[in-house]
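The structure appears right after this line, and notes come after that.
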Amino acid sequence: MLRIYNTLSSAKEEFVPLIPGRVSMYVCGVTVYDNCHIGHARANVAFDLVFRYLRHSGYDVTYVRNYTDIDDKIINRANRDGVPFNVISERYIKAFDEDMARLNLAIPTHQPKATEYVEEIIALVQKLVDSGAAYQTEGDVYFAVEKFDGYLKLSHRNLDDMLAGARVDVDERKHHPMDFALWKAAKPGEPFWSSPWGNGRPGWHIECSAMSMKLLGETFDIHGGGKDLVFPHHENEIAQSEAASGKPFVRYWMHNGFVNINSEKMSKSLGNFFTIREILENYDSEVLRFFLLSAHYRSPIDFSDQNLADAEAGLDRIYSALSGMEELLSKDGSADPSGTAQVANEAVAELTEKLAGLQHRFCEAMDDDFNSALAIAHIFDLIRSLNRVLADRNASGAPLTALFRQVRYEIATIAEVLGVLNTEPGGYLARMKSRKSSTLKIAVHEIEALIAERASARKAKDFKRSDEIRAHLLEMGIELLDSPSGTEWKVK
RNA sequence: GGCGACGUCGCCAAGUGGUAAGGCAAAGCUCUGCAAAAGCUUUAUUCAGCGGUUCAAAUCCGCUCGUCGCCUCCA
């Protein structure tokens, strides 16, 4: 039974979709005016996980993630660069798509753009004006928050307290200081659409209501986004949507926690943010995704070199074990094509048992509000058992084809949900090696020449020279790994 | 000022009533010519502090201390 933390009730609730077997979910994507940062990566990975797990659980999921492609920030950027606004929005839609692809995000069912739904937006605003929930003033249309009873029910506040905070700009044209724009009159030179209130464009918030209700209906199951969107964005979406439809807008509101940079809040104004692109120059995209999944999606997560390095070490450990297994499997496969031969010992028994319970434990973790951190711990548990068998098997030489194939299958099943560990292990390790090699001050052919020299030295029992070479390479950041089949090297 | 979250081993991080997962780091041993990897063993009688409820609390309640977030564009 899946339980989801619902911001609306501040509690975990059993998940019961509106229509049995089907889930409708909407996630606030991005306003496309700049490259995405690590915070966007987190939010999108978090809801990608939700999407994948719901599918894995057997639901038919309709997942909508929007692009807000008309907005003040886009217009500002376009003016600065001296280009039409859609040059900016299209540029950053493309950049977003590329970034998300690198993070291995599944493609949502629909990816609507605000500018393609202006007709629906206008209709929605008109409906609100007609019902008295909104009012027009000098070409702008505002939503009257006092007309909506449930206002602030998501962020659990009240209007008086909000005003006491007193960072609300006073605008004489507003009936109430907290009223927000549904439609903005176009200033000279700004892009506009014609409307019953004159030329203008949608305000922020209304596009999400229009697109989600059009694609998912007036009431749908899950709406997600970053914690910072609770107020005002989602609060306003509720107000607009429910005032218009008279029905509950969303059943489960989900919000992911922030990314901190070295324990400080990351924000554009502080200037301490990293774009996804910058991070991927230094870290593998799978390591970044693995790192993001290593904490629960609602907890704050601290982005630092230390923490990324830890995540990388952990992922390396998993892939190394899997790679060792695949190597044996490729040998066993020919010796034992039926895959029936087995040896029974303690390690094998333990791995068999862990394997049998893996999917159950995985689902139990994920059912508890998508606890990916716990799910990953279960994988590490399995890897430990696998390593035990691997160590054993190296001694006994017994074929374990069937067991290893089962491990491969179970891992792949989980990998499909987490969106990590999808790479062929040898491929991952090679990728990491080449990434790290590019930072080395020594050429690969030189390393290999030294390894060859060391091999002959060892053959001649010249261990002094052999150790000199090992030490020299270690200084260069190269670690040598001797094995019966020869010497491998890796970047430390 | 209002609202809210959090404080678990050196670091990261699960655990929301039944007696402390997992990862990283560290130490010893096995293996190795020496190493590395891997395995084994060890590393929190204790969950910021103090009280309370309970047969039983990291988990519930209260207070104190500390950190952080939202209230303005923000994932």
Side-chain angles (χ1 to χ4, degrees), chain A residues 10 12 27-31 33-34 36-47 71-73 76 152 155-158 160-169 178 204 224-233 235 255-260 263-269 273 290-291 294-296 298-302 304 306-318 320-321 324 347 361 365 368 371-381 383-384 386-392 394-395 458 461-464 466-467 470-471 474 479-483 487-490 492:
Chain A
S10 308
K12 280 182 199 170
V27 172
C28 288
V30 280
T31 299
Y33 72 102
D34 204 351
C36 291
H37 54 63
I38 174 74
H40 295 110
R42 191 193 192 181
N44 284 286
V45 166
F47 290 105
D71 167 89
D72 288 355
K73 291 189 290 293
N76 290 342
L152 303 179
S155 51
H156 308 290
R157 299 170 192 175
N158 64 64
D160 293 340
D161 291 342
M162 295 293 283
L163 291 178
R167 277 195 289 180
V168 191
D169 58 328
M178 296 296 292
W204 184 42
K227 234 182 178 123
D228 47 346
L229 296 182
V230 173
F231 184 89
H233 187 54
E235 199 70 72
H255 294 97
N256 63 275
F258 288 126
V259 176
N260 293 138
S263 306
E264 273 191 331
K265 176 192 154 75
M266 177 181 77
S267 78
K268 291 237 158 180
S269 47
F273 64 93
F290 186 72
F291 165 70
S294 70
H296 184 92
R298 279 190 288 117
S299 309
I301 192 169
D302 194 38
S304 67
Q306 175 68 54
N307 291 345
L308 263 287
D310 282 0
E312 185 173 293
L315 192 60
D316 281 356
R317 177 179 154 84
I318 296 174
S320 296
R361 284 199 303 275
D368 185 13
N371 193 338
S372 55
L374 185 56
I376 287 171
H378 293 325
I379 294 176
F380 276 114
D381 234 20
I383 292 300
R384 172 187 294 279
L386 174 62
N387 273 330
R388 278 191 67 187
V389 171
L390 254 26
D392 252 35
N394 280 328
R458 289 178 75 204
K461 303 273 181 205
D462 182 0
F463 294 123
K464 183 167 173 290
S466 166
D467 288 349
R470 178 191 288 289
L474 195 58
E479 231 165 31
L480 296 183
L481 288 68
D482 294 330
S483 80
T487 299
E488 291 291 308
W489 61 275
K490 68 176 208 176
K492 200 167 182 182

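Convention: sequence-line order gives letters A, B, ...; per-chain numbering from 1.
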*Return the set of residues passing side-chain contact (heavy atoms from CB on, under 4.5 Å) with Arg157(A) (not counting sequence neighbours), or none when no residue passes.*
Leu152(A), Ser155(A), Met162(A), Phe231(A)
*Please identify each residue that fulfils side-chain contact (heavy atoms from CB on, under 4.5 Å) with Ser299(A), with sequence neighbours left out.*
His296(A)
Between [N] atom [atom2] and [X] atom [atom1], what is the distance in whole Å?
| X | N | atom1 | atom2 | result |
| --- | --- | --- | --- | --- |
| Tyr33(A) | A75(B) | OH | P | 6 Å |
| Phe231(A) | G69(B) | CZ | C1' | 15 Å |
| Asp381(A) | A21(B) | CG | P | 11 Å |

_I need a per-nucleotide contact map over nucleotides 31-43 of chain B, read 5' to 3'. Cutoff is protein heavy atoms under 4.0 Å; write B for the base, S for backbone only, - otherwise._
--BBBS-SSS---
_Per-nucleotide protein contact string for nucleotides 3-11 of chain B (B base, S sugar-phosphate only, - none; heavy atom under 4.0 Å)_ = S--------
*So which one's nearest nucleotide on RNA chain B is more toward 5', Ile376(A) or Phe47(A)?*
Ile376(A)
*Where RNA chain B forms stems, i.e. three or more consecutive Watson-Crick or G-U pairs with both distances under 3.5 Å*: B:1-7 with B:65-71, B:10-12 with B:22-24, B:26-30 with B:38-42, B:48-52 with B:60-64
With a non-hydrogen cut-off below 4.0 angstrom, is [X] in contact with a base, only sugar-phosphate, or nothing?
| X | answer |
| --- | --- |
| Val230(A) | nothing |
| Ala377(A) | base |
| Gly29(A) | sugar-phosphate |
| Gly226(A) | sugar-phosphate |

_For Asn371(A), is there any backbone N or O sitting under 3.5 Å from a side-chain donor or acceptor partner on Asp368(A)?_
no
*Measure from the side-chain N and O atoms of Asn307(A) to the backbone N and O of Asp302(A), and report whether any donor-acceptor pair falls under 3.5 Å.*
yes
Write out a two-atom table: protein N or O, nucleotide N or O from nucleotides 14-18 of chain B, distance below 3.5 Å.
residue : atom : partner   : partner atom : Å
A14(B)  : OP1  : His296(A) : N            : 2.8
A14(B)  : OP1  : Ser299(A) : OG           : 3.3
A14(B)  : O3'  : Asn371(A) : ND2          : 2.8
G15(B)  : OP1  : Asn371(A) : ND2          : 2.8

*asked:* Work out how far the C1' atom of C60(B) is from that of C55(B), and round it to whole angstrom.
replied: 16 Å
